[in-house]
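First up is the structure itself, then whatever we jot down about it.
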Amino acid sequence: MTKKYITTAIPYVNGKPHIGHAIDYCLADVCARYYRACGDSVKLQVGTDEHGNKIAQKAKELNVPVQEYVDENAANFRSFIKKLNVSYTDFVRTTDKKHEQRVKEIWQKLSGHIYKAEYEGWYCVGCERYITEKECQENGGICPDHQKPYEKLKEENYYYRVADFKEQIRDAIEEDEILILPDFRKKEMMRLLEETPDVSISRPTSQLTWGVPVPGDESQVMYVWMDALANYITVLGYPEKDISGWWPATAQFVGKDILRFHAILWPALLLGLGLPLPKTIVSHGMVLADGQKMSKSIGNVVEPLEVIDKYGLEAFRYYFLRHVDTFADADFTWDKYDDAYNNELANDLGNLVQRLATLASKNDIRINTGTSIAIYSEEYDDLMREYKFSKAFDLVWVKIQGLNKRIDEEKPWNLAKEGEIAKLYTCMCGLIKDLLQANHELAPFLPETAEKIQNVFAGDKIQPPKTPLFPKH
RNA sequence: CGUGGGGUAGAGCAGCCUGGUAGCUCGUUUGGCUCAUAACCAAAAGGUCGUUGGUUCAAAUCCAACCCCCACAACCA
């Protein structure tokens with residue numbers, strides 16, 4: 001039995017869960033379920049990122065204490081994750097006292113690579129943030145949101161000297177010691193590594209207070225990445241516990257927009273701590289709404305809960321795990337979602353279960369379920385281990401569609417009419433066993449459906465489900 | 001000259017690395033079947049593979065230039 005540690009990106013809880021979070025969770029969950037089915041012991045981390053100005057501001061607007069605000073949002077995310085049927089084992093919050101304590105210790109361990117420096121740049125009082133030189137020029141030195149001129153401000157920050165580890169990280173990525181998927185993202189990271197500016201990891205308390213204080217300097221608070229990235233190991237109990245049983249992570253799932261922090265800064269932090277590097281970082285794409293990026297200003301945001309409500313969770317997982325390519329961006333439209341549900345879940349799979357179960361029931365066919373052990377096809381295993389989940393899912397579907405074709409070719413109803421009992425039995429058992437085989441491969445993606453199918457055919461007497469698996473709408 | 005991805009039938013995509021009669025799913029049309037959720041199976045129609053030029057007996061596939069779309073560019077997956 002091998003141990004596998006799988007992680008998800010922890011969302012910033014200043015808003016509602018969206019489709020992107022769901023993708024991250026679902027991919028990690030498929031991975032976890034797959035490895036568990038292979039007999040591995042799996043830890044799956046999820047969590048929430050709860051510090052920072054935006055959250056503090058939001059709480060202020062709502063006139064509630066910050067802690068109360070983040071408690072509520074963290075709970076919100078937790079119930080979302082549960083709704084997605086994500087088989088997580090650990091939930092970490094960056095406001096956990098233990099996490100905060102551990103991050104401080106981590107900071108101290110890294111002190112040899114941390115230095116203090118002055119930052120100078122254009123600052124907008126209204127936005128309460130620094131903007132780039134380029135943005136300043138484009139706006140003619142005046143903030144378009146606040147109609148105020150930018151001010152030149154200076155502040156002191158702590159920086160992490162990423163450059164100390166540049167060579168090591170480059171080699172690790174190059175040699176796939178950290179396997180970055182997909183390959184074109186690896187290339188992108190290699191390019192990006194050529195310029196590795198040191199990363200600002202703190203803010204003065206004059207600007208930010210809702211965060212973990214920097215040990216030994218009350219005037220500074222840790223900035224997002226140090227705090228957030230550390231969650232992957234603080235949740236395991238680092239530094240006071242020996243985490244070598246679980247760390248390095250088998251796979252870390254992240255959105256492509258935060259890949260750079262996971263592929264460069266995060267390894268730099270780990271190397272600074274003398275910890276091994278994660279084995280794989282899987283960067284998934286974004287979900288577009290009708291070809292456009294979802295955004296609040298365009299108003300085309302698709303609410304995941306709304307999608308789940310339409311046909312249930314299994315349909316949601318189906319669409320986003322199969323029709324959204326694991327690595328590339330993909331599109332969501334309600335029309336496509338309806339088509340996928342009706343043509344594929346209802347017609348292909350639901351109907352297949354219905355017709356096979358009815359045939360078995362009418363002819364009193366039973367099957368010895370002991371013969372249906374979860375053995376994955378080599379092709380499926382390969383795809384799953386390369387994290388090509390949507391491709392693996394396609395493969396499962398080819399099997400399901402193939403079964404519909406075989407039923408038509410073998411015509412078991414004719415065998416029944418002609419009284420060919422032995423042939424009928426062989427035929428039906430073959431079909432059912434192959435369905436259960438495909439069902440095992442389906443299980444990491446659609447766990448509830450797979451269980452239902454197993455129950456339909458595994459009982460003493462095979463009966464079609466009282467209500468179809470995926471009723472048509 | 002920021003970085004990366006993409007432009008192939010009405011739609012969504014595969015093929016490109018390792019050149020050799022252009023493939024899949026949905027949709028459309030027609031036929032078949034009846035175990036099944038009017039589901040299933042089969043067949044047909046539909047493409048000058050972004051543009052131009054080059055290499056080659058042969059290019060969607062290799063090379064060059066150009067056009068167009070998208071994402072990322074120190075915190076909104």
Side-chain angles (χ1 to χ4, degrees), chain A residues 8-15 17-25 27 49 51-55 129-130 132 134-135 182-192 194-195 197-201 223-225 227-228 253-261 264-265 283-288 291-296 323 325 327-331 333 335-336 339-340 342-363 391 394 397-398 401 403-417 428 431 464-465 467-473:
Chain A
T8 60
I10 57 173
Y12 195 59
V13 295
N14 65 339
H18 52 63
I19 297 276
H21 300 126
I23 294 277
D24 205 56
Y25 295 134
L27 291 174
D49 178 14
H51 287 127
N53 258 341
K54 284 191 182 169
I55 282 176
R129 71 180 182 107
Y130 283 91
T132 59
K134 196 178 166 189
E135 194 180 344
D183 194 56
F184 63 79
R185 293 285 170 219
K186 168 182 168 179
K187 282 186 206 148
E188 195 178 0
M189 291 305 120
M190 292 295 288
R191 279 285 176 87
L192 215 57
E194 286 167 21
E195 310 156 23
D198 292 344
V199 177
S200 162
I201 52 168
Y223 190 52
V224 57
W225 292 110
D227 182 21
F253 289 85
V254 300
K256 66 178 182 184
D257 55 333
I258 54 169
L259 174 62
R260 60 187 56 204
F261 303 106
I264 298 171
L265 176 59
S283 155
H284 61 254
M286 307 283 220
V287 177
L288 309 175
Q292 272 186 315
K293 185 177 175 172
M294 290 187 202
S295 88
K296 284 177 190 165
H323 290 299
D325 183 275
F327 304 120
D329 291 354
D331 200 29
T333 66
D335 277 352
K336 285 182 188 176
D339 282 348
N342 286 313
N343 295 333
E344 296 162 20
L345 283 173
N347 294 350
D348 290 344
L349 179 58
N351 184 51
L352 171 66
V353 168
Q354 207 71 21
R355 65 198 298 214
L356 262 187
T358 307
L359 277 166
S361 165
K362 283 187 180 169
N363 297 293
K391 292 269 192 300
D394 280 342
W397 220 259
V398 167
Q401 288 173 320
L403 280 165
N404 272 321
K405 186 183 289 196
R406 253 177 67 200
I407 296 178
D408 270 60
E409 283 165 1
E410 297 180 13
K411 300 182 177 37
W413 54 89
N414 276 353
L415 296 175
K417 272 184 209 159
M428 286 299 295
L431 290 165
T467 52
L469 250 39
F470 299 101
K472 287 198 88 161
H473 290 258

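Order of the sequence lines fixes the chain letters, A, B, ..., with proteins taken first and strands second; residue numbering starts at 1 for each chain.
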If we take the C1' atom in both G15(B) and G20(B), what is their distance in whole Å? 14 Å
Can you tell me the distance, in whole Å, between the CZ atom of Phe470(A) and the C1' atom of C40(B)? 18 Å
A14(B) and C67(B): how far apart are their C1' atoms, nearest whole angstrom? 25 Å
Please determine whether a side-chain nitrogen or oxygen atom of Lys405(A) lies at a distance below 4.0 Å from atom OP1 or OP2 of A42(B). yes
Taking any heavy-atom pair under 4.0 Å as a contact, classify Asp257(A): base, sugar-phosphate, or nothing. sugar-phosphate
Rounded to whole Å, the CG-P distance (Asn414(A) to C40(B)) equals 20 Å
Nearest-angstrom distance, C1' atom, C69(B) to U8(B): 16 Å
If we take the C1' atom in both A74(B) and G7(B), what is their distance in whole Å? 32 Å
Suppose we define a pair by two distances each less than 3.5 Å, Watson-Crick or G-U wobble; what does G12(B) pair with here? C24(B)
Classify Gly255(A) by what it touches in the nucleic acid, base, sugar-phosphate, or nothing, heavy-atom distance under 4.0 Å. sugar-phosphate
Whole-Å gap separating P (U25(B)) and CG (Asn347(A)): 15 Å
With both distances under 3.5 angstrom, what nucleotide forms a Watson-Crick or G-U wobble pair with C33(B)? none
Heavy-atom side-chain contact between Ile23(A) and Phe253(A) under 4.5 Å: no
Rounding to a whole Å, what distance do you find between Trp397(A):CH2 and A14(B):P? 20 Å
Considering only atom P, compute the distance from C68(B) to U52(B) and round it to an integer number of Å. 16 Å
Would you call Met286(A) and Asp257(A) a side-chain contact if the rule is heavy atoms closer than 4.5 Å? yes
Using atom P of each nucleotide, how far apart are C76(B) and A11(B) to the nearest Å? 33 Å
Separation between CG of Asn347(A) and NZ of Lys472(A), rounded to the nearest 0.5 Å: 3.5 Å
Considering all heavy atoms of both residues, which atom of Met189(A) and which atom of Ile264(A) are nearest to each other, and what is their separation? O-CD1, 4.3 Å
Mapping Pro471(A) and Val254(A) to their closest nucleotides on RNA chain B, which lands nearer the 5' end? Pro471(A)
For the student: nearest non-hydrogen atoms of Leu259(A) and Arg185(A), plus distance: CD2-CB, 3.6 Å
Just wondering, do Pro11(A) and Pro17(A) contact through their side chains at under 4.5 Å, heavy atoms? no
Side-chain heavy-atom pair Leu265(A), Arg260(A) within 4.5 angstrom cut-off: no
Nearest whole Å is fine: how far is C41(B) C1' from Glu410(A) CD? 13 Å
Work out how far the P atom of G4(B) is from that of C63(B), and round it to whole angstrom. 16 Å
Between Ile23(A) and Ala330(A), who's closer to the 5' end of RNA chain B by nearest nucleotide? Ala330(A)
Strand partner of U3(B), provided both Watson-Crick or wobble distances fall under 3.5 Å: A71(B)
A9(B) versus A44(B) - spacing of their C1' atoms, nearest Å: 14 Å
Report yes if at least one side-chain N or O of Arg260(A) is closer than 4.0 Å to OP1 or OP2 of A73(B); otherwise report no. no
Starting at atom NZ of Lys293(A), determine the distance to atom C1' of G4(B), rounded to an integer number of angstrom. 15 Å
Pairing partner of U51(B) (Watson-Crick or G-U wobble, both distances under 3.5 Å): A65(B)
Take atom CE of Met286(A) and atom C1' of G4(B), then tell me their distance rounded to the nearest Å. 13 Å
For atom CD of Glu195(A) and atom C1' of A74(B), their distance in whole Å: 13 Å
Pro412(A) near the nucleic acid: base, sugar-phosphate alone, or nothing, with a heavy-atom cut-off under 4.0 Å? nothing
